[in-house]
Amino acid sequence: MEDKRSITFRLDASLIRALKIRGAMNDRSANGELSTILKNVLETEKASGQLAGTPDASSK
């Protein structure tokens, strides 16, 4: 089982609505959608070398 941690974001209502819509289109919750987006960004940056020398945050 994956180790989970929590964090609170204060987001504009329009951004939350967009996450809910996008999440529903991908069969995920808004939280699941945000997590997926962040993981994809971190993986892309790691692959391009932008995160060189930093711990792999996407696996935590």
Can you check whether Leu11 reaches Leu19 side chain to side chain, under 4.5 Å on heavy atoms?
-> yes
Hydrophobic cluster membership, Leu34 vs Leu15, 4.5 Å side-chain cutoff | yes
Under the side chain to side chain donor-acceptor pair (under 3.5 Å) test, residues paired with Arg22 that sit two or more places apart | Glu33
Measure the spacing between OG of Ser35 and NZ of Lys4 and express it to the nearest 0.5 Å.
-> 6.5 Å
Mind checking the CD1-CD1 spacing from Ile16 to Ile21? Nearest 0.5 Å is all I need.
-> 12.0 Å
